[in-house]
Amino acid sequence: MSTDTETRGALGRLRASPFLADLLTNRLAVVGLTIILGMAAIAVYARVTYDLGALASSQLGTEVTDRAPPGWLGPAPATQQLFGTDAAARDIYKRCLYGAWLALKFGTITVGTSTTVGVGMGIIAAYYGDVTDNVIMRTMDVLLAFPPLLLALALVAIFPRDLGLWRAVVALVLVYTPRFARVVRGAALKVLEDEYVDATVALGATDPRILVRHILPNTLAPITVQSTLNFGLAIIDLAALSFLGFGAQAGTPSWGLMLSRGVENGLLTGQWWLSFFPGLFLAITVLGFNLLGDGMRDALDPRMREAVD
Amino acid sequence: MNWTQSLFRLVEPVVPPRFVVKRLLLLVPVLFGVASVVFAILHLAPGDPAIVIAGQRASTEQLEQIRQELGLRRPLWEQYLSFLWDAARFDFGQSYSISRGNSVRSVIADRLPITLELAIYGQAAGILLGIPLGIISAVKQDSLTDHVTRIGALTGISVPIFWSGPLLILLFSTYLDVFPTSGRIDSTLFLPDTWTLFGRELPLTGMITVDTVLLGNTEAFLSAAHHLFLPALVIGVYSTALISRMMRSSMLEVIRQDYIRTARAKGQGAKITLMKHGFRNALIPVVTVIGIQFGTLLGGAVLTETVFGINGMGLTIVTAIGVSDYPVVQGTVLTFALLFTLVNLVVDVTYSYLDPRIQQ
Amino acid sequence: MAAPGDPPRLRSYVASRVRLFGSGLLVGLLLGGLGMAGWTLYTGDARASEATVFALGALVFGFGLLGWSGSILAGNGIEAMQEHMGTRSDWTEKDSRRAMARLCGGGGGIMVGTSVVAALL
Amino acid sequence: MSSDGQIDRRSFLTAAGGAAAAATLAGCSGDGGDGDGTAGDGESGDGDGTASDGDSGGGDGASDQTLVYARGDHPENYDPQQTTSGEVAKVTNQIFDTLIQFAPGSGGQLEDALATDYSLDGTTATLTLRENVTFHNGEEFTSSDFEATWRRFTQSDYQYYLGDETRSGYGPFTLGDWIESVDASQDYELTIELTQRYAPFLRNLAMFAAAVLSEAQIEAMGDNQADLGTEPVGTGPFQFDTLDNPNERIRLTANTEFWGDGPQVGTVIFKTITENSTRVQDVINGASHITDNLDSSGFQRAEESGTATLLRKNGINHGYMAMNMARFEPFRNRTVRRAIAHAVNTEAIVNQIYQGFATQASQPLPPDVLGHNDDLDPYPTDKEQAQSMLEEAGYGDGFEFELATFSNPRGYNPSPVQTANQVKSDLEDIGLTVNINQFSNFGPYLDYTSAGRHDACFLGWYTDNADPDNFMYVLLDPKVSMDAVPDGQDWVSFDTEGYSTLNVSGWANTEYMELVREAQRTYTEGDRETMYQEAAQLAYDESPWVFIDYAETLRAVNEAVVADSYTVSSVGGPYLNTVELQ
């Protein structure tokens, strides 16, 4: 198989940026990118406009009605409470918008940390090889073999509870890191095989220089694809852990928690808006990341296009 | 070689028994490994089993008595060894609270078939729908069909089960009242514990749609199918989405391979080429990945059972963690691990059917 | 595989495995003993420290054992699949097995070390 | 009853299934159901149910009806001595009888059950037992059955002792701590010697955990006592038939020889629907007849439907927020505690979060219990006053503390997390910072609170026996010796000798302790009442807890159930023996 040359070709292509061109011709990827940028805008807007404390605290005992249907459905003026209010009389619309901030923030932290750790481990494993490589990568392999959600549940059960949402974040970082380590190690090995790295070593380049100057840039493309795809998964898994009661703390306007409270407090009695809107935001955001990630993978992998003549 | 012939080759007994036996023997260290991890997790987890057992009404002395009785005061290596020994016999003692006083083994015996049934329907839907969809999508890459399938699949994995499930219940159960909201069978229908085949009494499987067929009870079967429809739909969609995505990219990769291009150059029709070379080769990574994805499917089953209130292994583990029923947590985690390993073992064997080179 | 009546090969077979497991074990013993002692000093509760450190050891040991058997179990399949898909991650069953044996030894060492120090304290 | 103690569950179920298929009433060998019920009928006329003669006689005619009771959880073991769960008690109360029982629909009045006469004098309780009562296995009920029941539950030297880790915490709590010895030398006379004067004792005998088991079955179970809960045999109105764990159902059939009223239906099925509102929907659709543990939205929904009625009754329970004086210094100041009580808007909690299905609490004792002090009103919400009280106490700048809470709904606190959030919001208004520490599991939560590691926590209590002692002594007395409380201090630390961790606020007010301890030994009702009223006033003034709510007992009942044939009880029950279907 001629995998090496082809992949190197792909990387070369990326430098000349036909990658971006490919990506932009992929309509689905563009839709995904638009969704993500839109969510990011919403997130920043919500972060700047709303006060987290106010969104989290109960409005009972004030004049706001709890579980009020969306304004355009009910007796209230259509502009009021666009998505209705929840069981603590909080405005679901504002909470959903703020939820975007939380989802992107914790998603970024989760994926960012696992990427950093994974990249570090992958490169170290590839560069030093031998025992280091084996111990790191084999541990990663075992972690990879566990069913993700079940592994996260088991980990969450061990961590001290006072970590709150961080408990879920740490568990997911452990779940995701191996994926990055594996991808990066593979890519790094290919770069190392190139003679020019050998040449630099011969010229007396120090370890960090080789890592930073030569290996890292060449692994960027697969890392980006992997991060994008895992970003969607991370957001959904964080929500699932919150839904099962192992994630976000009381009152936090996180989509997963709003969804679970909403189902509990009124879905089956017809108050669907409590859970519908947070779920919708969650699904759209995840779809955005999946669309983009898919598109990027197609654009990156030339084999996919060669296949159809 | 035509299509039926290649199918026939699939079932040829080409796997040597030694290959299978070696793998079965390896289940022993797997079991001990998982048991050690489970032991570790439960000893690192917060919470005192004594208080779980005795409840809010117990006094300090009673708690101490229970700790003694449970052996929580023995040195840890002793606890560890006796735990391993128990795990080897699949004996986790009695449940603390979910099924207090009953053995964990019987709890698992009751609930495993329920999850298996759900997972099997999910996996079956994934294989029966996902594989053809993936192939079509790959063959007609960038066509409208491809786009629709891909968007469908992407949506399928993007929409959380814990959102779509409740919405389906709301629509079909609460508003339209066409499907029941929960349960596995009408509450007044009870099934016997055995069925008769040629005059011999045999135990039932615990999978209710199978059991009702074995018993020849049409009413019960319809009721069971009616109850199972929504959960199976949710997990089936999820699984179909997962597998069709995999099948598509795997198929694309195979299609582009040189020998296929060569075959095509020789003038054979495109479809025959695909069937002859593509399918079987594309299936190889898919089969392996189906095994690995089975874990994801189990995660999906946990959520599905939670949403639909189905009393299988998934809901059991969530509840058991919730009420700190440690023996049940141990038993279910170990069962999940064994199940996962067994499925991958089956995958491994299937795989060696498909690609005899690897049997060495 | 070493056949009976082939002592030198048997010896090297055993020796290489003992070396692998043993090196892990030594590191583990050290870690376990120190961990136990240090943790006890820090928390002041020997029983709780024993539980924590021992459990961590069991975690590493179980993890290693799982990985060891898992490598053999799924090794061929993964190697072949990766070759097939051309991902070239250089994964081999042998490497994995050896790495896991080390981990196993380490975990076992931690458990023994903890128990010894706990008995002494 | 099977003579084979080794019988395993599956083969037992097979036997039961076979018996059901043959339309006999299952016991292990099915002989109980076929027995002639003349003796039982005669006896029931002796009791309170005059109508029951006819019903028992004609019971077979009405017997083909099936009553479906929907509930939220499906435990798999129905041994009253192995559980603390109300879900189990619902079923065991149908299968077993107690010596004395709570009268249906009352707030805990006692009435005859297996004992027709009972009295407590000093440290001796004397009971006359009902004659001609048979267990479902055909054995006759005598005083030795109670003795075996007691020994199995509490006496570790008994051959068939259940075991420390198998029996529930109710063993010592209900019987063990109080009973010195049981004299069962006469078949229908029972003399129980107590370790000390203990006023609530007769009420303890009415608790579900004190249900009378069959001595013959206990002996037949041999070393497998834990398995008794998969084939329970009692004297109650319904006998155990099938336990269907995979489908989370249990089926009971009518005991035609039942000594009391009814039963009026042939079969009772307890089915499980976890989700509260789904369960209500099931009753509205008529798929089940009665359900419990409703939440507020389910209640509304049932109220609007034309097919279900709602029954509500004052519950005997209390949800509260305890302030831990042993750990958190500012709480040791009474003014601070009272300021917090003024700041927390319990009215909003009760009316909005609990949707009006609970009432504001004013004192440890719920209404309907002896000694409830009617003069006390809940602390009015007044944040300005609270603020000035804080300033007066020297905490004008506020402080920060932890509020621990469980997160799954419980009857007395159907929405703990929301409640915690409300408390946080309210206290923010008077400058206090509350950090909510949320536990998803109740077990570890209790572990945490009983170790006294919380600054403040939510907890609550359902009554066991509707006795004031069950709240006042159990929850607020530290149970340490009087000398252990330092002079001029009204709290003790959790590691004090004998400390009962049920008292999660560390409160040790000697005046209060003397009152409730004296009341525990007092048998004259009027005197007891006065003492508890006084103690309630003290608890109100000292405010070791924020008294939050007394939740109502709510049931949704389908129209197919004959009106008034089902009575809601806040303690004991459900009394399904009287339920008729249309």
Side-chain angles (χ1 to χ4, degrees), chain A residues 1-2 27-28 32 144-161 232-233 236-237 239-240 243-246 255-256 259-260 262-263 267-270 272 275-276 278-280 282-291 294 297-298 301 303-309, chain B residues 33 37-38 40-42 44-46 138-139 141-142 147 150-151 153-155 157-167 169-170 173-175 181 245 249 251-258 261 292 294-300 302-303 306-307 314 317-318 321-322 329 333 336-337 340 344:
Chain A
M1 256 176 269
S2 54
R27 260 171 291 171
L28 291 184
L144 264 180
F146 284 109
L149 189 63
L150 294 180
L151 177 62
L153 267 181
L155 288 171
V156 161
I158 338 178
F159 295 146
R161 233 174 355 75
L233 290 175
I236 216 169
D237 282 351
F243 180 82
L244 292 174
F246 303 105
W255 291 333
L259 188 44
S260 98
V263 169
L267 180 77
L268 294 166
T269 48
W272 52 269
S275 49
F276 179 79
L280 188 67
L282 175 60
I284 289 179
T285 311
V286 175
L287 184 62
F289 280 103
N290 283 337
L291 284 171
D294 240 31
R297 196 171 51 187
D298 281 4
D301 195 341
R303 292 178 296 183
M304 296 293 172
R305 275 175 304 108
E306 279 169 24
V308 191
D309 332 286
Chain B
V37 174
V38 169
I41 286 177
L42 291 173
L44 292 171
V139 173
Q141 196 187 11
D142 288 334
H147 281 301
R150 285 178 66 195
I151 295 176
L154 276 173
T155 314
I157 57 164
S158 302
V159 170
I161 285 179
F162 48 92
W163 184 54
S164 57
L167 287 181
I169 297 178
L170 178 73
S173 305
T174 311
Y175 286 159
T181 47
R245 267 166 64 82
S249 56
M251 195 72 191
L252 276 179
E253 197 173 320
V254 171
I255 290 175
R256 62 117 201 144
Q257 277 175 1
D258 289 346
R261 249 183 273 172
I292 294 167
F294 186 74
T296 314
L297 193 69
L298 286 182
V302 170
L303 291 170
T306 311
V307 167
I317 196 171
V318 172
I321 292 179
V329 174
V333 168
F336 265 132
F340 184 63
N344 278 295

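Per chain, numbering begins at 1; letters A, B, ... match sequence-line order.
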With only heavy atoms counted, which part of A/Ile284 is less than 4.5 Å from chain B, the side chain, the backbone, both or neither? neither

For B/Val37, give me all partners under side-chain contact (heavy atoms from CB on, under 4.5 Å), at least two apart in sequence or on another chain. B/Ile41, C/Leu59

Could you tell me which portion of B/Val307 (side chain, backbone, both or neither) has an atom closer than 4.5 angstrom to a non-hydrogen atom of chain A? side chain

Against chain A, label B/Leu303 side chain, backbone, both or neither, depending on which of its atoms sit under 4.5 Å from a heavy atom there. side chain

Please state whether the side chain, the backbone, both or neither of B/Thr155 comes within less than 4.5 Å of a heavy atom of chain A. both

At what distance, to the nearest 0.5 angstrom, does OG of B/Ser164 lie from CD1 of B/Ile169? 9.5 Å

Which portion of A/Ile236 sits near chain B, non-hydrogen atoms under 4.5 angstrom: both

Using heavy-atom distances under 4.5 Å, tell me whether A/Leu233 contacts chain B through its side chain, its backbone, both, or neither. neither

Heavy-atom pairs under 4.5 Å with chain B are the metric here; pick the option from A/Leu291, A/Leu151, A/Val286 that has the most. A/Val286

Under 4.5 Å heavy-atom distance to chain A, tell me which part of B/Val159 shows up: side chain, backbone, both or neither. both

Would you name the heavy atoms of A/Ala283 and B/Trp163 that are closest together and state the gap between them? CB-CZ3, 3.9 Å

A/Trp255 vs A/Thr285 side-chain heavy atoms within contact, under 4.5 Å: yes

Give the minimum heavy-atom separation between A/Gly279 and A/Leu259, together with the two atoms involved. CA-CD2, 4.2 Å

So which residue, A/Ala240, A/Pro278, A/Gly288, A/Ser260, ends up with the most heavy-atom pairs under 4.5 Å with chain B? A/Ala240

If I measure from the heavy atoms of chain A, does B/Ile161 come under 4.5 Å with its side chain, its backbone, both, or neither? neither

Residue selection (most heavy-atom pairs with chain A, distance under 4.5 Å) from B/Leu297, B/Val329, B/Ile157, B/Val333: B/Ile157

B/Phe162 side chain near B/Thr306 side chain, heavy-atom distance below 4.5 Å: no

Looking at chain B, which one of A/Asn290, A/Leu282, A/Leu149 has the largest number of heavy-atom pairs inside 4.5 Å, strictly under? A/Asn290

